[in-house]
Amino acid sequence: MEIISGSCRFGLWFVRVWWSGNLVWNVTFSHQPLGGPAPPEVVKFLAGHSTDLSPLRSAAATPGSPYSHIYREVLSIPYGSTATYGEIARRAGSSPRMAGLAMKRNPTPLLIPCHRVVSQNGIGGFTPDVEIKKMLIDLEQKRKSYN
DNA sequence: TAAACTGTCCCGC
DNA sequence: GCGGGACAGTTTA
């Protein structure tokens, strides 16, 4: 299947997505847009019009990928909620340090909602910019409070 | 407040 | 191929 690359705006950033059908291979954040469409589910999610990215599948969450057991726990965090690195690690039978590393290496942020994983006494980190993480958490909590 | 712990990746040899 | 260091955190003393 042909892989499509596209982007859509999110605040001061562009979310760049490489995808084919309902399978997403890669998501990155950049100040430079990418010519092409992003998946409609992602566009709606970033606009706050949708809370559900489940029609899309992340290539990184498929069993056998290095951190799939950690990503599975991250995927179970509901929209508008957060969990700590320690909680995720405990549920996945791993260590907090590993949970942080798995989030850093996450090739598909948004789909695997690593922005919902925060540190015990702070927001934790985010690549390339923790500002994006704050915006995503803020978006979800505002959208959630409408319901 | 500092140090130990954790598991994987990456780079240099 | 192997060893050491880095890394988006937590816990304990």
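In what follows, chains carry the letters A, B, and so on, assigned in the order in which the sequence lines appear, proteins first and then strands, with residues in each chain numbered from 1. A quick note: this is a predicted structure, and the numbers were derived from the prediction, not measured. Worth knowing before you read on, the calculation uses all heavy atoms, side chains too, and leaves out hydrogens, waters and symmetry mates.
To the nearest angstrom, C1' of C:dG9 lies 6 Å from CZ of A:R97. Between A:I70 atom CD1 and B:dC9 atom C1' there is a gap of 13 Å when expressed in whole angstrom units. In this structure, CE of A:M98 is placed 13 Å from C1' of B:dC5, rounded to the nearest angstrom. One interatomic measurement links the two molecules: CD1 of A:I123 to C1' of C:dT10, which rounds to 18 Å at whole-angstrom precision. A straight line from CE of A:M103 to C1' of B:dC9 spans 15 Å, rounded to a whole angstrom. When rounded to the nearest whole Å, the span between CG of A:L101 and P of C:dC7 equals 10 Å.
A heavy atom closer than 4.0 Å to some atom of DNA chain C occurs in A:C114, A:S119, these being the qualifying members of residues 109-119 of chain A.
Nearest-nucleotide mapping onto DNA chain B: of A:S95 and A:R105, the residue sitting toward the 5' end is A:S95.
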Quick one: which protein N/O atoms are closer than 3.5 Å to N/O atoms of nucleotides 11-13 of chain C? Pair and distance per line, please.
unit_1 : atom_1 : unit_2 : atom_2 : d
C:dT11 : OP2    : A:Q120 : OE1    : 3.1
C:dT11 : OP2    : A:Q120 : NE2    : 2.8

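Nearest heavy atom pair, residue A:A60 against residue A:T108, reads CB-OG1, 4.2 Å.
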**OP:** List the steps and the verdict of side chain to side chain contact (heavy atoms under 4.5 Å, CB included) for A:L56 and A:W19.
**Re:** CA-CA 9 Å; A:L56 298 173; A:W19 54 295; 5.6 Å; no
Original post:
Please walk me through it: do A:K44 and A:D52 pass side chain to side chain contact (heavy atoms under 4.5 Å, CB included)?
Top reply: CA-CA 9 Å; A:K44 279 187 270 182; A:D52 192 13; over 6 Å; no
**OP:** Any chance you could lay out the side chain to side chain contact (heavy atoms under 4.5 Å, CB included) test for A:L34 and A:F14, step after step, and finish with the verdict?
**Re:** CA-CA 8 Å; A:L34 210 55; A:F14 288 93; over 6 Å; no
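At least one donor-acceptor pair under 3.5 Å links the side chain of A:K133 to the backbone N or O of A:V117. The backbone N or O of A:A102 lies less than 3.5 Å from a partner atom in the side chain of A:Y71, making a donor-acceptor pair. The closest donor-acceptor contact from the side chain of A:R16 to the backbone of A:Q32 lies under 3.5 Å. A donor-acceptor distance shorter than 3.5 angstrom exists from the side chain of A:R116 to the backbone of A:I77, with no hydrogens or angles considered. With hydrogens and angles ignored, the 3.5 Å screen pairs no side-chain donor or acceptor of A:R97 with any backbone N or O of A:A99.
A side-chain contact (heavy atoms from CB on, under 4.5 Å) with A:Y67 is found for exactly one of A:I112, A:V74, A:L101, A:N106, namely A:L101.
Where DNA chain B pairs in unbroken runs of 3 or more (Watson-Crick or G-U, both distances under 3.5 Å), the stems are B:1-5 with C:9-13, B:7-13 with C:1-7.
Closest to the side chain of A:Y85, out of B:dC9, B:dG7, C:dG9, is C:dG9.
Annotation: A:R72, atom CZ; neighbour count of heavy atoms from other residues, nucleotides and ligands within 6.0 Å does not exceed 12.
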